[in-house]
Protein chains: 2
Amino acid sequence: MRPFSKVFERLKSAGLRPTRQRLALGKLLFENGDRHLTAEKLHTEALNEEIRVSLATVYNTLHQFTEAGLLREIVVDSSRSYFDTNTTNHHHFFIEETGDLHDIPADQVNLSDLPPAPEGREIKRVDIVVRV
Amino acid sequence: MRPFSKVFERLKSAGLRPTRQRLALGKLLFENGDRHLTAEKLHTEALNEEIRVSLATVYNTLHQFTEAGLLREIVVDSSRSYFDTNTTNHHHFFIEETGDLHDIPADQVNLSDLPPAPEGREIKRVDIVVRV
DNA sequence: GTGTTTGCAAAGTGTTTGCAATTTA
DNA sequence: TAAATTGCAAACACTTTGCAAACAC
């Protein structure tokens, strides 16, 4: 494994030790364009690439990456968690039949006139899910 | 139990037999304004009102009501299902800390310029969740 | 070496299911 | 009485956790 790959640097600057598992999962996640993955899917993908990693580590890693701001968790299905490698402001098409997600760039929707947040709260995020 | 309550009629016209459990759950759901409930919360509420009903029946009932169009399922939390007694087009504030939902009437937001659905699909629903 | 990370297996949580007993029409 | 519904307990799917062994620095 090249010691100074993009992913290596990315982990270091996020304060995460670039372990074998994190590097391998990071490469799958970040070197293949924008991706939307469940833990199970990422685990399967890793095993297919001969990367030995346990499902528990995949879960831990996804959460650590999310906390570090490298991933974003998307809620579209009440029985599964999706993680999105695109952490910028954007929205989603959710294809219910297949469980696939497609990005909708924030500048392709026009949302305005949102009422103010309930007393004493502030808006953390606005998620638009278009079910198709 | 009054034989011709609103709920009784509502169940009948939805093609659901007005059993003791469905009537009792229906009253809790529909005679207290707009509500957002999880199965667990509704079950607890029922037991507090001395309504003997099993959690399995609460789940079955929520799904039957949803299929019949009396409820709508809301996805905001990847570990719990919420059911909303307001089945008209509207959106939500989600208070992450407490797990509470508040309605945002559809006419209080302005959403336009949505890109077209992916090839061969049509938009079933647009959900806006404002996390606060 | 020391503290962090990993893998495993076990436990946890919310939800669904099979089936006998009960209820409704 | 026939068909639908219920309750229970077991099964399920996904996720988290405790802890000893392995690894990174």
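Every chain is numbered from 1 and lettered A, B, ... according to where its sequence line falls, protein lines coming before strand lines. These numbers come from the heavy atoms of this one structure, side chains and all, not from hydrogens, waters or symmetry mates.
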task = Could you check B:Ser78 against B:Gly15 and say which one's nearest nucleotide on DNA chain D is further toward the 5' end?
result =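 Mapping each residue to its closest nucleotide by heavy atoms, the 5'-most match is B:Gly15.
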
request  = Take B:Arg17 and B:Val58, find for each the nucleotide of DNA chain D with the closest heavy atom, and name the residue whose nucleotide sits nearer the 5' end.
outcome  =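 With B:Arg17 and B:Val58 compared, the 5'-side residue is B:Arg17.
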
Quick one: does any side-chain atom of [X] pair with a main-chain N or O of [Y] as donor and acceptor, under 3.5 Å?
{"X": "A:Arg72", "Y": "A:Thr88", "value": "yes"}
{"X": "A:His43", "Y": "A:Ala56", "value": "no"}
{"X": "A:Arg22", "Y": "A:Arg17", "value": "yes"}

request  = Show the numbers, then the answer: is there a side-chain contact (heavy atoms from CB on, under 4.5 Å) between A:His63 and A:Phe83?
outcome  = CA-CA 9 Å; A:His63 286 134; A:Phe83 295 86; 3.9 Å; yes

In this structure, how many angstroms lie between the [atom2] atom of [N] and the [atom1] atom of [X], rounded?
{"X": "A:His63", "N": "D:dT15", "atom1": "NE2", "atom2": "P", "result": "8 Å"}
{"X": "B:Leu55", "N": "D:dT6", "atom1": "CG", "atom2": "P", "result": "14 Å"}
{"X": "B:Lys12", "N": "D:dT5", "atom1": "NZ", "atom2": "C1'", "result": "16 Å"}
{"X": "B:Leu62", "N": "D:dT6", "atom1": "CG", "atom2": "C1'", "result": "15 Å"}
{"X": "B:Arg80", "N": "D:dT15", "atom1": "CZ", "atom2": "C1'", "result": "13 Å"}
{"X": "A:Arg22", "N": "D:dC25", "atom1": "CZ", "atom2": "P", "result": "10 Å"}
{"X": "B:Phe65", "N": "D:dT5", "atom1": "CZ", "atom2": "C1'", "result": "13 Å"}
{"X": "A:Asp77", "N": "D:dC14", "atom1": "CG", "atom2": "C1'", "result": "11 Å"}

Taking pairing as Watson-Crick or G-U wobble with both contacts under 3.5 Å, can you name the mate of [N], or confirm there isn't one?
{"N": "D:dC25", "value": "C:dG1"}
{"N": "C:dA20", "value": "D:dT6"}
{"N": "D:dC14", "value": "C:dG12"}

At less than 4.0 Å, is any side-chain N or O atom of [X] found next to OP1 or OP2 of [N]? Yes or no.
{"X": "B:Gln64", "N": "D:dT5", "result": "no"}
{"X": "A:Thr38", "N": "D:dC14", "result": "no"}
{"X": "B:Thr57", "N": "D:dG7", "result": "yes"}

task = Just compare D:dT17, D:dC14, D:dT6 and give me whichever is closest to any side-chain atom of A:Tyr59.
result =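 Comparing D:dT17, D:dC14, D:dT6 against the side chain of A:Tyr59, the answer is D:dC14.
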
Salt bridge (charged side-chain N to carboxylate O under 4.0 Å, His left out) partners of residues 80-100 of chain A, not counting sequence neighbours, each pair once =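 Pairs touching residues 80-100 of chain A that pass the test: A:Asp77-A:Arg80, A:Glu96-A:Arg131, A:Glu96-B:Lys124, A:Glu97-B:Arg121.
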
ask   = Linking Ile, Leu, Val, Met, Phe, Trp and Tyr by side-chain heavy atoms under 4.5 Å, what else ends up with B:Leu114?
value =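 A:Phe93, A:Ile95, A:Ile104, A:Val109, A:Leu111, A:Leu114, A:Ile123, A:Val126, A:Ile128, A:Val130, A:Val132, B:Phe93, B:Ile95, B:Ile104, B:Val109, B:Leu111, B:Ile123, B:Val126, B:Ile128, B:Val130, B:Val132, listed by chain and number.
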
inquiry  = Counting the atoms with a prime plus P, OP1 and OP2 as sugar-phosphate, which does B:His43 contact under 4.0 Å by heavy atoms, base, sugar-phosphate, or nothing?
reply    =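 If one applies the 4.0 Å heavy-atom cut-off, B:His43 turns out to touch nothing in the nucleic acid.
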
request  = Could you pick out which residue, B:Ala56 or A:Ser54, lies toward the 5' side of DNA chain C when each is mapped onto its nearest nucleotide?
outcome  =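 Looking at the nearest nucleotide for each, A:Ser54 comes out on the 5' side.
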
ask   = So, A:Glu45 and A:Arg35, do they make that salt bridge, N to O below 4.0 Å?
value =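 A salt bridge is present here (some side-chain N lies under 4.0 Å from a carboxylate O).
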
task = Walk me through it: do A:His36 and A:Asp103 pass the test side-chain contact (heavy atoms from CB on, under 4.5 Å)?
result = CA-CA 9 Å; A:His36 304 92; A:Asp103 284 349; 2.7 Å; yes

inquiry  = Students should find this one: the first and last nucleotides of DNA chain C, 5' to 3', lying under 4.0 Å from a heavy atom of chain B. What are they?
reply    =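 Nucleotide range with atoms under 4.0 Å of chain B: C:dG14 to C:dA25.
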
